[in-house]
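A short worksheet on the structure shown next.
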Amino acid sequence: MRRMPWILILATLAIVIGLFMGRDPEHAGRLSEMYRNVAFTGEAREMVLMLLALGIGAFIVYLTMTRR
């Protein structure tokens, strides 16, 4: 079987579950607390952004050098 129907089914299922869980106030509160706890703050955020910028820059340089 082709992949596209499975991807659409899984995406639809994820959206429906997300909507269902978002309607429950207790679960929504726990999710927002979890997101706050795992978020990068201060210096860690700056470090992650710097690493992402360096990685993207290195990838662009790699593509530029290998494509002639």
Other cluster members, L51 - Ile/Leu/Val/Met/Phe/Trp/Tyr, side-chain contacts below 4.5 Å: M47
R30 side, atom CZ; E33 side, atom CD - distance, nearest 0.5 Å: 9.5 Å
Pairing residues for R45 by the side-chain hydrogen bond (donor to acceptor under 3.5 Å, both in side chains) criterion, not counting sequence neighbours: none
Remaining members of hydrophobic cluster (4.5 Å side-chain criterion), M50: L54
Other ILVMFWY residues reachable from V38 by side-chain steps of under 4.5 Å: none
Side-chain hydrophobic cluster, 4.5 Å single linkage: members besides F59: Y62, L63
Output a table of donor-acceptor pairs, distance under 3.5 Å, between side-chain atoms of residues 12-22 and any protein atom two or more places apart or on a different chain; print 'none' if there are none.
| unit_1 | atom_1 | unit_2 | atom_2 | d |
| --- | --- | --- | --- | --- |
| T12 | OG1 | L8 | O | 2.7 |

